[in-house]
Amino acid sequence: MKIFSFSCHVLTNHICNLCINHFLLTNLHYCTWLDYRWEEERATDGSKWSFLEHKGPVMAAPYEPLPSNVRFFYDGKQMKLSPEAEEVATFFAKMLDHEYTTKDTFQKNFFKDWRKEMASEEKSKITDLKKCNFNEMGEYFKAQSEARKAMTKDDKLVMENERLLQEYGFCIMDNHKERIANFRIEPPGLFRGRGDHPKMGMLKRRIRPEDIIINCSKGSKHPKPPPGTKWKEVRHDNKVTWLVSWTENIQGAIKYIMLNPSSRIKGEKDWQKYETARNLKKCVERLRNQYREDWKSKEMRIRQRAVALYFIDKLALRAGNEKEEGESADTVGCCSLRVEHINLYPEKDGQDFVVEFDFLGKDSIRYYNKVPVEKRVFKNLQLFMENKQPEDDLFDRLNTSILNKHLQELMDDLTAKVFRTYNASITLQQQLKELTSPDENLPAKILSYNRANRAVAILCNHQRAQPKTFEKSMQNLQTKIDAKKDQLSDAKRDVKSAKADLKVRRDEKFKKAVETKKKAVERLEEQLMKLEVQATDREENKQIALGTSKLNYLDPRISVAWCKKWGIPIEKIYNKTQREKFAWAIDMAEDDYEF
DNA sequence: AGGAATACTTAGAAACCACCTA
DNA sequence: TAGGTGGTTTCTAAGTATTCCT
């Protein structure tokens with residue numbers, strides 16, 4: 001792995017001393033990116049840290065049996081469940097008003113797993129989910145969450161949460177106190193996959209200390225397991241960044257506890273990611289020429305590789321690893337596209353060689369797009385589809401590992417996902433250049449920023465469900481706008497009459513009155529403009545999620561530079577969390593930064 | 001070579017919370 | 001002062017990519 005040098009400019013020593021002094025005085029303090037500038041060079045042996053100490057995870061709260069007045073009925077008759085069976089039943093009861101629980105797969109999986117937890121006589125009695133009545137349980141939990149909502153801030157729960165955060169929410173890595181992202185063990189419950197997931201409703205087991213692997217320094221104070229229990233293992237592996245791991249029972253996947261995005265270890269990696277994307281910028285034309293050549297190759301595997309790469313580059317598709325069938329929802333990316341996911345039109349809507357994409361991508365989000373492509377691509381696609389069934393792979397001679405191996409040969413550290421990062425960031429930079437006009441006011445500039453951001457979100461197909469309250473809140477906004485317009489026309493009339501008064505009697509007092517009234521009009525016009533901008537922004541945004549690209553694809557230095565160039569306060573673009581995550585960029589980028 | 005295991009990033013939904021307004 | 005509203009935070013699933021193993 002390549003290590004980036006942290007020899008940053010002039011300020012370095014100054015910050016270094018400040019930080020050391022602070023460090024000595026307070027022993028430990030919460031660190032920002034700046035504190036790392038003076039850090040000694042990183043190790044080059046692949047280690048990620050040299051000292052790591054933490055308190056371990058917060059285990060999920062133990063199950064509290066239901067009060068006896070909350071009853072369960074089977075086939076109309078009340079039935080007392082064993083604690084094990086009752087706990088699983090409560091998971092279902094808590095989800096009762098979610099349409100999820102009505103799905104056949106969900107019910108089947110749930111019932112099968114629930115029965116595994118039942119005592120033998122329960123098992124023989126409870127044989128049909130339809131005869132189970134969880135309503136009292138459901139009501140009970142609804143009432144509980146209502147009660148919790150009603151409780152005030154200074155409540156015990158909030159205090160307890162704060163205590164847990166302070167005690168378990170931080171660790172020490174290489175002399176710095178760092179925030180941990182997810183220090184709580186995932187509680188048991190019913191698995192909810194995205195989309196049409198074959199395992200929805202399965203029981204997500206409670207994680208015990210015996211399932212947990214701790215990773216920390218040999219010389220550190222090891223986290224203690226709860227009394228009477230043991231960790232599965234305590235290891236000391238500084239080639240990885242995680243503090244805690246366990247294996248989850250639904251997919252058999254490993255879960256990790258890791259540091260917050262504001263941490264040095266995540267920030268460095270993020271920086272590195274954008275540097276790789278900038279390297280791609282330098283050679284992307286060469287690569288494009290290369291794959292265009294490869295469309296003519298004699299070898300099928302090379303043609304497929306070249307067409308797939310063209311899609312990844314042009315449409316920002318994901319790589320598309322193979323997935324095990326039946327283990328998760330049926331979704332695809334570029335390399336795993338099937339014949340049924342595209343349609344070819346030699347001519348459509350006045351355009352030649354149109355490819356229509358329609359498939360479910362990550363998180364079962366639909367990707368639908370009609371794109372005119374070059375004739376060679378079109379002919380190749382026809383060739384790839386010859387003599388194939390709809391469910392056959394479009395690129396049968398290609399997978400992500402072949403593609404990435406090829407990319408590595410073209411550029412250091414180049415993989416398929418780098419194209420997404422590159423195309424997202426370069427699009428933002430171009431759009432900002434294009435959309436920002438110097439004489440716009442602040443809200444208009446921010447609208448321009450959001451529009452640039454939106455262009456990227458559309459490119460990356462970052463969608464969200466239209467908020468349930470969208471129509472109503474839009475109406476409310478329109479009401480406000482109408483009211484503001486009325487106010488404005490009133491104010492304008494006031495100006496007129498004041499001017500008339502002034503004509504009749506040239507007097508300081510009247511002159512002043514005209515000025516004030518004019519000011520009022522200006523203020524109202526500005527307010528109206530702000531509201532209208534807000535309405536436009538919201539309308540254009542209703543099904544698009546900006547957050548994902550902002551957080552994961554856009555080189556933050558582009559935004560920082562834009563803010564500096566136009567005198568926009570950074571707070572208008574990044575909230576507190578985002579500013580913490582991008583502290584390195586805020587610190588680093590000048591107004592002339594070029595991605 | 002290819003599949004399994006591992007580590008890490010990316011993702012949208014839900015929960016939470018601060019603020020406003022009727 | 002409740003109740004709506006919209007931004008923020010949390011949650012954890014679902015990807016990508018590399019490494020390990022046979």
Side-chain angles (χ1 to χ4, degrees), chain A residues 1 46 48 95 98 100 145 148-150 153 157-158 161 165 169 181-187 189 191-195 197 199-200 204 213 215 237 239-242 245 247-248 250-261 265-266 269-270 272-273 312 318-324 327-329 331-336 360-365 399-405 407-408 413-421 424 457 460-465 467-470 472-474 476-477 480 534 538 541 543-553 574-578 580:
Chain A
M1 194 184 73
K48 308 274 170 77
M95 302 176 72
H98 204 295
Y100 242 85
S145 69
R148 212 172 316 128
K149 256 184 230 158
K153 254 183 153 185
L157 269 174
V158 177
N161 254 338
L165 171 66
N182 55 327
F183 54 91
R184 286 168 217 273
I185 293 293
E186 293 173 17
F191 178 79
R192 323 146 67 130
R194 307 278 175 94
H197 197 117
K199 297 193 172 184
M200 64 170 81
K204 203 170 104 162
I213 303 173
N215 191 34
D237 182 357
K239 302 280 193 285
V240 295
T241 67
W242 53 267
S245 77
T247 302
E248 155 267 348
I250 305 285
Q251 324 263 2
I254 307 171
K255 299 270 188 145
Y256 302 93
I257 290 182
M258 290 186 186
L259 296 193
N260 206 54
I265 210 151
K266 296 288 183 191
K269 198 79 190 297
D270 210 31
Q272 199 180 130
K273 174 179 79 186
I312 285 171
R318 295 189 184 81
N321 287 325
E322 306 89 304
K323 312 168 65 180
E324 225 177 313
E327 289 295 297
S328 59
T331 62
V332 297
C334 185
C335 294
S336 50
L360 297 182
K362 183 178 181 181
D363 294 314
S364 294
I365 298 289
N399 61 40
T400 53
S401 106
I402 294 172
L403 179 63
N404 280 335
K405 228 164 250 161
L407 293 174
Q408 301 281 356
D413 299 327
L414 185 61
T415 61
K417 84 197 260 285
V418 178
F419 281 88
R420 247 167 106 80
T421 312
C460 294
N461 199 39
H462 291 142
Q463 298 188 30
R464 60 166 184 180
K468 285 185 201 79
T469 54
F470 181 81
K472 220 179 113 211
S473 80
M474 215 51 194
N476 289 346
L477 195 54
K480 269 191 196 167
Q534 200 186 348
R538 204 185 290 176
N541 229 18
Q543 281 164 326
I544 298 165
L546 298 186
T548 304
S549 50
K550 204 175 192 178
L551 234 46
N552 300 303
Y553 288 102
Y574 291 138
N575 68 29
K576 187 164 151 285
T577 321
Q578 293 164 340
E580 281 166 12

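Within every chain, numbering begins at 1; the chains are lettered A, B, ... in the order of the sequence lines, protein sequences first and strands thereafter.
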Does [X] place a side-chain N or O at less than 4.0 Å from the phosphate oxygens OP1/OP2 of [N]?
X: A:N575; N: C:dT8; value: yes
X: A:R420; N: B:dA11; value: yes
X: A:K255; N: B:dC8; value: no
X: A:Q251; N: C:dA13; value: no
X: A:K48; N: B:dA7; value: no
X: A:H462; N: B:dT10; value: no
X: A:N321; N: C:dT16; value: yes
X: A:Y553; N: B:dA11; value: yes
X: A:H197; N: C:dA13; value: no

Five pairs per end, C1' atoms only: what is the angle between the end axes of the helix from B:dA1-C:dT22 to B:dA22-C:dT1, to 10 degrees?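 The angle separating the two end axes equals 10°.
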
Measure the distance from [atom1] on [X] to [atom2] on [N] and round it to the nearest whole Å.
X: A:E327; N: C:dA13; atom1: CD; atom2: C1'; answer: 14 Å
X: A:K323; N: C:dA13; atom1: NZ; atom2: P; answer: 14 Å
X: A:K199; N: C:dT12; atom1: NZ; atom2: P; answer: 18 Å
X: A:N461; N: C:dA14; atom1: CG; atom2: P; answer: 17 Å
X: A:K204; N: C:dT12; atom1: NZ; atom2: P; answer: 5 Å
X: A:N182; N: B:dT9; atom1: CG; atom2: P; answer: 12 Å
X: A:L546; N: C:dT8; atom1: CG; atom2: P; answer: 12 Å
X: A:F419; N: C:dA17; atom1: CZ; atom2: P; answer: 11 Å

Tell me whether [X] contacts the main-chain N or O of [Y] through its side chain, where contact means a donor paired with an acceptor under 3.5 Å.
X: A:Q408; Y: A:K405; answer: no
X: A:N182; Y: A:Y256; answer: yes
X: A:D270; Y: A:K266; answer: no
X: A:E248; Y: A:A253; answer: yes
X: A:K199; Y: A:I250; answer: yes

Pick the closest DNA chain B nucleotide for A:R192 and for A:S245 by heavy atoms, then say which residue is nearer the 5' end.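 So the residue in question is A:S245.
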
Residue whose nearest DNA chain B nucleotide is more 5′ - A:N552 or A:N161: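 By nearest-heavy-atom nucleotide position, the 5'-most residue is A:N552.
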
Just to be sure I understand the rule, does [X] reach a base, reach only the sugar-phosphate, or reach nothing, if contact means heavy atoms closer than 4.0 Å?
X: A:G320; result: sugar-phosphate
X: A:R318; result: sugar-phosphate
X: A:P187; result: sugar-phosphate
X: A:K550; result: nothing
X: A:K362; result: base
X: A:G361; result: sugar-phosphate
X: A:A416; result: sugar-phosphate
X: A:E248; result: nothing

Tabulated below should be each protein N or O lying under 3.5 Å from an N or O of nucleotides 1-6 of chain B; please produce it.
none

Which heavy atom in [X] sits nearest to a heavy atom in [Y], and how many Å separate them?
X: A:A416; Y: A:I312; result: O-CG2, 3.8 Å
X: A:R318; Y: A:R420; result: NH2-NH2, 3.2 Å
X: A:S364; Y: A:T331; result: OG-CG2, 3.6 Å
X: A:N161; Y: A:R184; result: OD1-NH2, 3.2 Å
X: A:A424; Y: A:C460; result: CB-SG, 4.3 Å

Once the angle between the rings of A:F191 and A:H197 is folded into 0 to 90°, is it parallel (under 30°), tilted (30 to 60°) or perpendicular (over 60°)?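 Plane angle over 60°, so perpendicular.
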
Could you tell me whether the side chains of A:K323 and A:S336 share a donor-acceptor contact shorter than 3.5 Å?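 Looking only at side-chain atoms, A:S336 and A:K323 do not form any donor-acceptor pair under 3.5 Å.
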
What nitrogen or oxygen pairs link the protein and nucleotides 18-22 of chain C at under 3.5 Å?
unit_1	atom_1	unit_2	atom_2	d
C:dT18	OP1	A:Q408	NE2	3.0

Side chain of [X] only, please: which of [options] is the nearest?
X: A:E186; options: C:dC11, C:dT12, C:dA14; value: C:dT12
X: A:T241; options: C:dT12, B:dA11, B:dC8; value: B:dC8
X: A:I365; options: B:dT10, C:dA14, B:dG12; value: B:dG12
X: A:K269; options: B:dC8, B:dG12, C:dC11; value: B:dC8

Residue that, paired with A:R192, satisfies side chain to side chain contact (heavy atoms under 4.5 Å, CB included) out of A:H98, A:M200, A:K204: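 It is A:H98; the other options fail the test.
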
A:E322: side chain to side chain contact (heavy atoms under 4.5 Å, CB included) partners, not counting sequence neighbours: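 Per chain and number, A:E322 pairs via side chain to side chain contact (heavy atoms under 4.5 Å, CB included) with A:N399, A:T400.
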
Listed by chain and number, what are the ring-ring contact (aromatic ring centres under 6.0 Å, His included) partners of A:Y553, not counting sequence neighbours?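 A:Y553 satisfies ring-ring contact (aromatic ring centres under 6.0 Å, His included) with A:H462 once adjacent residues are dropped.
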
Between protein and nucleic acid, restricted to nucleotides 4-6 of chain C and to nitrogen or oxygen atoms under 3.5 Å apart, what atom pairs and distances do you find?
unit_1	atom_1	unit_2	atom_2	d
C:dT5	OP1	A:K472	NZ	2.7
C:dG6	OP1	A:R538	NH1	3.1

